[in-house]
Amino acid sequence: MSEKSTLIHWFRKGLRTHDNPALFKIFEKSHADPQKYCIRPIFILDPSLLQWLRVGANRWRFLQRSLDDLNKQLMALNSRLYVVRGNPNNVFPRLFKEWQTELLTFEEDIEPFALKRDAEIKTMAREHKVEVETFWSHTVFNPYTVMQKNMGKAPLTYQKFLGIIEKMKAPEPLERPEKLKRNNVCKDGWEVEDEKCYDVPLLADLVKNMDELGEEKFPGGETEALKRLEASLSNVGWVTAFEKPNTAPNSLEPSTTVLSPYLKFGCLSSRLFHKKLSAILKANAKHSKPPVSLMGQLYWREFYYTAATGEPNFDRMIGNSVCMQIPWQTNDAHLEAWTYGRTGYPFIDAIMRQLRQEGWIHHLARHAVACFLTRGDLWISWEEGQKVFEELLLDQDWALNAGNWMWLSASAFFYQYFRVYSPVAFGKKTDPTGAYIRKYVPELAKYPAGAIYEPWKVALGDQRKYGCVIGTDYPHRIVNHDIVHKENIKRMSAAYKVNREVKTGKEDQEDGGGGKKRKRDTSAGGGNGPSGSKAKKKKK
DNA sequence: CTGAGCGTTGAAGCG
DNA sequence: TCGCTTCAACGCTCA
């Protein structure tokens, strides 16, 4: 008998044992020849990245819980999780050699950094004569297949996207791999020296500042994900009637499923979600439909993934073929006030504080704060907001984060920039008494329902009575929405005009390398002086 | 080339 | 409380 050789599955996203084709593969191969193989499901953690990755404490905790749970799931299958410290480029040559690796499997990803990394690892594997097999399982529909059915381009409207996928068949999710006959945990030379060298990191290893951890409302991991899926789908009436615009952004407990973090990390398979949801809809003729239905929500995720696959610069304005070029301005004080929930608009601040504490906010709450930061009030680039969400949102997923920011800033997909969310009126619709604000902006807790959305209107004497003086205990408004949102609509109009001109006048420019890509033309500025035009016309 | 119809989720005023 | 209109008027798609 020759020496054992190793089958590696590399976890990145997809932190689950159910419906995981790349993991399934190595188990399957091992079952076929149990004596021959050592199987090693690995996760690679680069400690040197902990500093500069834009990942907040709550998100690290979600990852840590997910890895811990994943390890338990794998142990139940007579394997374990090996968390390898280092970066993939340094780690893999070592593992290929030391473990006598025969096969490497992983789930494909479309993020540009991942594409580059994976290409390098594949090359490396080839050099070490290691076979590589990859699978698409992060979304229901493979974005490349969807593009293929749209003449090689990503569909850029939701309806078009729907039209394509409705003709496609969703892949059948896989079961968990069958349990290995006997314990298949192998030890290598490094483990002899340090038996804990592949253990799941502790929370303290990942989170530098424990004070930043909020209440753990959504614990990471596959076990929790499946529990949450069952709970979400158990109320059939709720599922079939679901319409996103009718769910409250500011309820004290989430009005939606909060499956998004589990989908992002892959603790939950989107294909399993799709299958179970499909079964419910099939059994209940009367149900809501995309885009507003629950299935519609899952399809939005698919939509953005596909759109992002078609554009490597999806997460920035410049060089992004789908993105309107808009002369945003910088304002560090305003950005900081927004980031930490100190804009002086209680509804906006409550949302930003919930985000920081809990790592999740309702989709419509994201709309409100995103509109406020960009085209609505502060006129700050959506890329700045994207960074803050990236750090704080448990469900932060590259394609979805960028896509939604472009949507809300009317930079792509959505263009009715004159529809502006009011930081005062919008929240009142679903929470007229302001209970949500009292919870997350407790300094305003004693303000009565009629005043809590606009505390600056309260007379000073009453402010004292309510124990919160505006300007002392809670900030003044950093901008006057009634004024700035109108100015910003005009700015948007001007910016759109410049984009239109660039687009139609584009044929004149000689464009060397026949690119469909818009050349980095602008900075177009559209005459935005630092002086916002004071001249307001009194129309009417 | 042109124009009508459409687009996940606006706000405010009206009856 | 709801449903309608107006506000001012966008880009994209498709016939």
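Residue numbers start from 1 in every chain, and the chains themselves are labelled A, B, ... in the order their sequence lines are given, proteins ahead of strands.
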Task: Complementary nucleotide of C:dA9, counting Watson-Crick and G-U pairs under 3.5 Å - done: none
TODO: Go ahead and name the base partner of B:dT9; Watson-Crick or wobble counts if both distances stay under 3.5 Å, otherwise write none.
DONE: none
In terms of side-chain heavy atoms of [X], which of [options] is nearest?
X        : options               : value
A:His367 : B:dT9, C:dC12, B:dT8  : B:dT9
A:Lys244 : B:dG10, B:dT8, C:dC12 : B:dT8
A:Lys429 : C:dG11, B:dT9, B:dA11 : B:dA11
A:Arg500 : C:dC14, C:dG11, B:dT9 : C:dG11
A:Met324 : C:dG11, B:dA12, B:dT9 : C:dG11

Task: With A:His138, the side-chain hydrogen bond (donor to acceptor under 3.5 Å, both in side chains) member among A:Arg12, A:Arg301, A:Arg271 - done: A:Arg301
Open item on the list: With a 4.0 Å cut-off on N to O distance, would you call A:Arg54 and A:Glu390 a salt bridge?
Closed with: yes
In whole angstrom, what separates [X]'s [atom1] from [N]'s [atom2]?
X        : N      : atom1 : atom2 : value
A:Glu501 : C:dG11 : CD    : P     : 11 Å
A:Lys486 : B:dA12 : NZ    : C1'   : 11 Å
A:Ile489 : B:dG10 : CD1   : P     : 13 Å
A:Phe242 : B:dT8  : CZ    : P     : 16 Å
A:Lys160 : C:dC14 : NZ    : C1'   : 10 Å
A:Arg419 : C:dC7  : CZ    : P     : 15 Å
A:Gln416 : B:dC6  : CD    : C1'   : 9 Å
A:Phe418 : B:dG10 : CZ    : P     : 11 Å

With a 4.0 Å cut-off on heavy atoms, is [X] in touch with a base, just the backbone sugar-phosphate, or nothing at all?
X        : answer
A:Gln159 : sugar-phosphate
A:Val420 : sugar-phosphate
A:Phe413 : nothing

Open item on the list: Run the side-chain hydrogen bond (donor to acceptor under 3.5 Å, both in side chains) test on A:Tyr436 and A:Gln354 for me, step by step, so that the C-alpha distance in whole Å, both residues' side-chain angles and the decisive distance to 0.1 Å come before the verdict.
Closed with: CA-CA 10 Å; A:Tyr436 175 78; A:Gln354 183 191 15; 2.6 Å; yes
TODO: State whether a side-chain donor-acceptor pair under 3.5 Å links A:Glu311 with A:Ser321.
DONE: yes
Open item on the list: Quiz question: by atom type and distance under 3.5 Å, do the side chains of A:Thr256 and A:His363 form a donor-acceptor pair?
Closed with: no
Interatomic distance at [atom1], [N] relative to [M], whole Å:
N     : M     : atom1 : value
B:dG7 : C:dC7 : P     : 23 Å
C:dA8 : B:dC6 : P     : 23 Å
C:dT5 : B:dG5 : P     : 16 Å
B:dT8 : C:dT6 : C1'   : 22 Å

Open item on the list: Tell me whether A:Trp300 and B:dT8 count as stacked here, given that the ring centres must be under 5.5 Å apart and the planes must differ by less than 30 degrees.
Closed with: yes
TODO: Indicate yes or no: at least one non-hydrogen side-chain atom of A:Asn320 is less than 4.5 angstrom from one of A:Met406.
DONE: yes
